[in-house]
Structures are given as C-alpha cells and as structure tokens.
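One structure is given below, encoded as structure tokens.
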Amino acid sequence: MLSDNKSPTINHIPGHVKHDGHNMTGFIIFLCSESIIFFAFFVGYGILKVTAPVWYPEGIDGIAVKEPLINTVILVSSSFVIYFAEKSLHKKNLWGFRFIWFITMLMGSYFVYGQYIEWSELSFSLQSGVFGGMFYLLTGFHGLHVITGILLMGLMLYRSFLPNNYKGGEMGVESVSLFWHFVDVIWIILFVLIYLWQ
Amino acid sequence: MLVRGELITPPSDLFDPTVYNGLYTMHGTVMLFLFLFPMLSGLTNLLVPPMIGAPDMAFPKLNALAFWLVPVFSIILLLSFFVPGGPASSGWWSYPPISIQNPLGKMINGEMLWITAISLSGISSIMGAVNFVTTIIRMRAPGMGFFKMPIFIWTVLAAQLLQLLGLPALTGGAIMLFFDLSFGTSFFRIEGGGDPVLFQHFFWFYSHPAVYVMVLPVFGIFSELFPVYARKPLFGYKFVAVASFGITILSLVVWVHHMFYTGTPMWMRNLFMFTTMLIAVPTGVKVFAWIATLWGGNLRLSTPMLFCLGGLFNFIFGGITGVMLATVPVDIHVGNTYFVVAHFHYIIFNTIAFGIFAGIYHWFPKFTGRMFYEGLGKVHFALTFIGATLNWLPLHWAGLLGMPRRVASYDPEFAIWNVIASIGAFILGVASIPFILNMVSSWVRGKAAPPNPWKAIGLEWLLPSPPPHENFEDDIPTVLNEPYCYGLDKPFVQDEQFYIDKSFKKH
Amino acid sequence: MDNIPLILVLAIASYATNVNYKLENLGSKTKYNYDQEAPFVKEKKAFDFGPIDVISRQWNWEFIYPNGIHSSELHLPINKRTNFRLITDDVIHSFYIPAFRLKQDIIPGSVITYSLTPTRNGVFRLRDAMFSGAYFSQNQTNVIVESEDIFNKWINETVKKEPQNGLNPAGRLYDKRLKNGNRGWATVEPAPAPKVQDVGLEDRPHDG
Ligand code: HEM
Ligand SMILES: [Cu+2]
C-alpha cells in the first residue's frame, strides 16, 4: 500500500545486521542448561544421602575437610583474579592481562593437582557403595570442567598473541571467564554438599 | 509390523520372548529418537529462519554438528543388533535394575550401546536447542516483536526451552546408569545402597516434557494451518501464544504421574494429579481456539487441512484419555497396560505424526518448488486415518480389561482387540505407499509451485519457491501486524506488494 | 466459558483424591540394607488378616502366610481387609490384579506394605505389570477369593502338606529354549521354582 509513492528499497533495513551478541547469548543458554546436569546430580546426592540405608563405605565415617578447604579457597580466589585479568584487557593492558590470566591458569591447575592428591589418598573407590560413586562422580565431573576451563584459557592466551585478535570484541575471553565463574559456583555447592554436610 | 505380527496370536510363537523384548525396546527408541525427534528438528530447522526472516540459523556450524550426530548415534544404536546378547531389551524407559542386569557380563552390550546412543542424541538435541533459542531471540525480522511472531515460532521456542531445562536431567541419569552398568557403581543398584526409583525420577523429569517437546511444534503447525485453510484469523492469538509457555512451565512439574504406583506416597500422588490436571487447561485453551477458528470458516479440505483436522480430532481423544490417566485411581488400574499404549499412540502417532504430515504437505511446494498430487494425498490421509484408528482404538479395551503392556504373549481373552489392531497396523503400512509415491514423483516432475500457492500470510510465503540460499538476504521485510490477519485488510509487512513481486522473479 | 475445563479437571481431581483416601491401599515403603533380610514392618492402619508376604521373582510368585504356608496361588478370604508385605530381590515387578482394579509396584531394596479388601468370590488373574525381562508375560498366577469357611479349611489342610516345586512356567520355557540350542537374545536364568505346600493350577479357568 505504501509502495506506490515510495521507492521500495528506501525503508528496507539493509544488510542482515551482524548481531554481535550471538555467541554470548548461545553460551549463556548453554551454561544454564549445563548447570541442570549438576543440579540433577546434586539432587540425586541429597536424596540418596537422606534415604540410603547405608551411606559411607565400611570403615569410613567421614572425609577430611582441611586440604579440600585450601583447594576451595584457591579456586574461589581465582574467580576474583580472572576478573582483574578481564579488566586489564578492557584497559588494553595486554601484558597485564596475559600475566594475570596465566596466574588464574596456575591456580586452576593447583586445584586439579590438589584434587588428584586427595583422590590418590582416599581409601575407598568408585565401586564403594553409593557414597563412593557419588563422590567420584561429582568431583570427577566437576574436575573435567576445571580442566576444560584451563584448556580454554590456554587457547585464549595463545590467541592473545595473534594480531588483530580483539578486533571483533573480547567475546572469547568474556565467555571463558564466565565459564570459570560457573565452575566456581558449582564447586562451592559441591563443597557444601560433600564436605560440610557430613 | 513385526511387533504386531507376534501379537496377532496369543502365545509367543513367531520368536523367542527375548527377541520380542529387544524388538519392542528398539521400536520405541528408534521411533522416538531416530524418527520423530530428527523429523521435527529437521522441519523446525527448515522453517524457523524463513519464518522469522533470518538468513540462516545463528550457529550454522553447530547446526551441522548436531545434524551429523544423528547418523552417528543411529548407527551405534543399530549396531547393537549385532553384539552378543542382542540389543537393549528393557523398554525405552530402561529402568534399573532390569537394564543393568547384563546377563552375559560383557563390557560391550546392547544396553551400553543404547545408553551411548541416547546420550549422543541428547547432546545433539541440546546443540539444536541452543541454536534455535538464540536464533529466535536474536535474529527476528525488524518489527517482529514477540507478539508478532507466528505461533509456530512460539511453540518452537517453548519446546526448545523445555529441552534445555529437562534434557540435562536425563543426561545426568544416563551417565549414572552407564556407570552402574559398566563401572560397578551403585547409584541405582540396591547392593551398594542405591535406589532404583531415583532413576525413574530423572527419566520422567525429562521424558514427560519430551512428549511436549514433540507435540508443541505440532500445536504450532495446527495454529499455522487452520487459519490458512479456514480463511480466518487465529482465534485468541495472544492466548494461544502464551499458553505454549504455560505448557512449558507446567510440564516440568507433572512427571510423577508416570510413577503413581511405584510406592509414591499419597500426598505426592494427589499433588501431581492436580498439576497434571492443570496442564489440561492451557492445552484446552488451544483446542478451543482452533475450534473457534474453524467455526464458520470457509474450509478448504485439501490434504494438509485433512491431516490437521484428523490430528485435532485424535488429539482431543488422546487428551481425554490423558486426563483419565492423570486420575490416580484410574491410573492405578490401567497404568502400564495397553490403555497407556493406546493413549500415547493417539498422541504420538495420531496427533504428532498427523501434524508432521500436514506440515510436510503444506510446506512441500515452498521448499521443493513443486506441487504435490492432491489425489494421492487424500488417499494417503484416508488410509492413515483408518489404519491408525483400527490400530489404536481397540487397544484401549485390551488395557481396560487388564492386558499389561510389553507382553510377548497374552491370555486368549484379549485376542480380538489385538487382531483388529494388527489389521490396522497392516493398513498403516500400506498407507505409506501413496505417500512415498507422491513425494518422490511430485518432487521429480510435479507442477512448478508459485511462491504462495495457499494464499497464506507469513514471511516464508513472501519468498520464491524454493527460497534462495540466504532467504531475504539483506532486504528483510519490516513486520507491521500480527500474523493471521486473513480477510482483515491489514498488511503483514511494509511494502508487501514489493516483496510479492520480487518473490515471482527467478533468482 | 474459559473456566469450564479448569473447573472440570479440578472437580475430577478432588473426587479422585477422596477415592484415594477411601481406598488407602498403600501403607509404607521402608528401605533396608540389601545384605539383610527384609525387615518386619508393622502396618499402622487396621486390617483383618495378614500380613501375607508376596514375593515376586524373575519369574514366579510365592505367597507366605502368617502361619507359615508357602503357596503358588494367592488365597484370600472374602470381605476381609488383608495386609501384604511386597518383596522382591531382583528387579521391579508389579502386583497387579486387573479384576480388583489395583496395582502396586514391588521395589527391590524396599518393603512395601499394602492392604485391600476383596468383595467378590471367584478366581482372578494376578499379572506382573512392570516389565521384568524375558519371561515377563509368564509371570502370572491366580488369586482365589473364597468364603471364610473355605479359606480356613484351606489354611488348615495346606499347612500339613509337604513343600514341593510350585508354579514356574518360565522355568519350563527356558528349559525348552535350552533344548532348542539356546537361541534368542540374552536373558538371566529364571529363578528356581519356589518350594510350596500348595502348587496351584496353572491354567485354572478365571473370572477376570
Ligand atoms: C499433549 C500431548 C501428550 C503427549 C505427547 C502424551 C504422551 C504420553 C506418553 C508417551 C505416555 C506414556 C509414557 C509411557 O508410559 O511410556 C503418556 C502417559 C501418560 N500421559 Fe500423556 N500425553 C499427552 C497428553 C496428556 C495429557 C493432556 C495428560 C493429562 C492431562 C496426559 C497424562 C498422561 C499420564 C498420566 C500418563 C501415564 C500413564 C502411565 O504410564 O501409567 N497425557 N503420555
Ligand atoms: Cu507424562
């Protein structure tokens, strides 16, 4: 109806506008969904813990909290560290970013190492009843996420040396940092469930 | 067909009961995960970008990955026929402990391949869901606010959100089941203190919503097609749109209706009976809206419309049996009998598959650029409707009389219903012949299709048939009004005539 | 007008809730440690007879009466609220008597108490309704509801009998399968027939 007196293309928005936020939107949606797997495991843990006729494997009546607590402190603080890394990048302080980013990776790796030590010192296994299974399932599945996070950080670190890497925005770094916060929050819940609620 | 072949006579005489169990398990799994889900996501994939005026999905590579996972897990699942001990045979529920008994004690077994395939299918679906949701949220045509989206887009959004919220729970359950089966854990094994019923919660937390993931897009198809073939605006557009999300939310809190007789305490049964009943309300809103749309409309009984009408009729029937099943004292009797089998086939085949057929016929000219043969389509519809009715209607009686589902043999008193059902299944088999014939021959040498053969309103109908690679490319129409303004003299987009003219030009 | 479905379904649900409270079949569900015997859980609600232990296996049924009778068929006195303890050691089964319109799953690792009152004389089928593997469809037996006199006579006579192998159609079919070269897909071996005083009758004509 309008087309008779106007030249048709004038009011047509040109170009399929590049929506920059796609990757981030997609990633956030994915994380929400991923958190539900953890949520399912947590609920399973809670239900089994409350209702199982036998919980801890024979000869065990709890697990040590101290070392895991140190581990926890390190992982949680790394979430703050990564925030500063991101901030440096915003300020275009590239070397500052790389340095702090690398520190985060080290902290993450220390966490994995601590986890490994803890696993190797435990006297029960995956097959030791519901608790054994649940313990290794939760810490293992979370550990996989930590390792993934570290690898992704490594990738971002490598990319930061590529010329023109930040032309299209800092989406990669922002997503990895978000992922790291996510891994952190999951750990806090996990820590409360497994170590504090005994 | 083989399943019905076995059940045509009471004793199990065609093959060993173990084979029957494997076959029915694979039947359920293949139909759902290898057929319906991929069918629906294929259709959704085809339709979403043109309907919202996007050039493609938000993440084309992710899309390709999700797509190629389908043949991968299909092959894994089908390979399980050839491993020692045969395929998984504990039903599509795969409830432990029966699913983790592993009689031969081998590491590679049917059940293990089954869980692997289902998990991969879950990953593929999650990728698809992330993609669909992002695309719909971020890539709509200018002017297309939420309340100007076609209902199909609403239902896809609702369904895919449901995937994102529900599927991870099943994945979690599947991982635990896999560990129980293969690595000696005891999440669901009583020997280590586990709880087999916990798996049922994980399973149904997703698998109830799963039925809505499948049926919601079909509601979308109904909502698209009824206005086109009745030449009337969709009755209560906003209510129909919002009801989709009512269904999404409610369907996350009804799963225990599949577990009324597993020892679920009374208060919980009553609670979930009420929530399940509530879900009938948004569903009812839609049904009323469709009927009101049809009321006094100028109906065109072409093949897609026939499938829609048949599907709606069957859905009303299946909804009523659904409400019966939601009623605890009734479910306590007919749960896990052929009544349930009849109920969900009325939904899954007689509604969802009908809706998919309707969608295929409706959009066939758009995406192939060819018209199909109306006559063959009508034959296909008639045979399908008769076959489906004969197949599933009698089984309600078998169930009411107390014939448990999943039996390889049964008492003679149920014979008559099963014989009729087997005849129906045979007719359904025959019904696929005109369909395949129609699709193949009209695709090859059907009449060329105009851009908008049905005089439908919607962005996809402003494109040439078949649409160019990037749909509207960089000239996306600006949406002015809500869809379905049939006979209202409100243009759907700015400069409508310009796009119509353009759609006739060869590209 | 839009509220009609809402009112309708709420009415159905409320009525059904009432029915549930009237029937009150399900007692309690108690988890126990698998290494130990199923614990004796006392039913809190009143009943007239029982508890009868209902044991379901892959694939046969066994009923143990309070006086120690083991039977392959379930004999019940008419119009008496009878209490059961539902037990299984292998997989999930379901205690389903279509003629009674009642069904309750039997969950390994838990004892479930259950009560019902039969109100009609006759022979009815008891069918396992939760898929339990290869010979699932054979996992059936009979429920015989009889007057109190006949029931008591049965109790008193059966208790004196010697235990012998009870109903076990799955075992028979499995033997046949082995004889034919063990073709077909994998299955666990059927449990041996229970030792019972009343072996029952496999194809007893039934009323429902
Ligand atoms: C809208 C589409 C619907 C779909 C796709 C659908 C699908 C299904 C399926 C697949 C099952 C069988 C699950 C199984 O036992 O393997 C089922 C069972 C059931 N459906 Fe529906 N249904 C639909 C509508 C409804 C409605 C409207 C209600 C109730 C208001 C309902 C209530 C039930 C109940 C209670 C069962 C459980 C029966 C049992 O296993 O004992 N359904 N449905
Ligand atoms: Cu459901």
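Sequence lines set the chain letters: A, B, ... in the order given, protein chains first and strands last, and positions in each chain run from 1. Keep in mind that what you see is a predicted model, and the values were worked out from it rather than measured. Excluded from the calculations below are hydrogen atoms, water molecules and symmetry mates; all remaining heavy atoms, backbone and side chain alike, are included.
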*Check each atom of I126(B) against the heavy atoms of chain A and say whether the ones under 4.5 Å are side chain, backbone, both or neither.*
side chain

_Within 45° cone and under 6.0 Å: R98(A) NZ/CZ vs W95(A) ring_ = yes

_I want to check something: taking the side chain as every heavy atom from C-beta on, are P209(B) and L165(B) in contact at a cut-off of under 4.5 Å?_
no

*Region of F183(B) in contact with chain A, defined by heavy-atom distances below 4.5 Å*: both

*Are the ring centres of W255(B) and F203(B) closer than 6.0 Å?*
no

*Quick one: are V256(B) and M268(B) in side-chain contact, heavy atoms under 4.5 Å?*
yes

*List the steps, then state whether side-chain contact (heavy atoms from CB on, under 4.5 Å) holds for L459(B) with M51(B).*
CA-CA 5 Å; L459(B) 288 182; M51(B) 278 178 119; 5.7 Å; no

_Atom group of L198(B) that falls short of 4.5 Å from chain A, counting heavy atoms_ = side chain

*Are N71(A) and Y110(A) linked by a side-chain donor-acceptor pair shorter than 3.5 Å?*
no

*Applying a criterion of heavy atom separation less than 4.5 Å, what residues of residues 130-152 of chain A form contacts with chain B?*
V130(A), G133(A), M134(A), L137(A), F141(A)

*Can you pull out the residues in residues 181-198 of chain A with any heavy atom less than 4.5 Å from chain B?*
none

_Close side-chain approach of S121(B) to L69(B), heavy-atom, < 4.5 Å_ = no

*Report yes if the side chains of W93(B) and W204(B) come closer than 4.5 Å at any heavy-atom pair, otherwise no.*
yes

*asked:* Can you confirm whether the side chains of E191(B) and S186(B) place a donor and an acceptor under 3.5 Å from each other?
replied: no

*Under 4.5 Å heavy-atom distance to chain A, tell me which part of I175(B) shows up: side chain, backbone, both or neither.*
side chain

*Side chain, backbone, both or neither: which part of F179(B) has a heavy atom under 4.5 Å from chain A?*
side chain

*Are Q497(B) and D501(B) close enough that a side-chain donor and a side-chain acceptor fall under 3.5 Å?*
yes

*chain A contact via M176(B) - which portion, at a heavy-atom distance below 4.5 Å*: side chain

_Check: L177(B) and S94(B) side chains under 4.5 Å, non-hydrogen atoms_ = yes

*Report yes if some heavy atom in the side chain of F97(A) is under 4.5 Å from a heavy atom in the side chain of V173(A); otherwise report no.*
yes

*Under 4.5 Å from any heavy atom of chain B - which part of L126(A)*: both

*Between the side chains of T104(A) and W180(A), does any donor sit under 3.5 Å from an acceptor?*
no

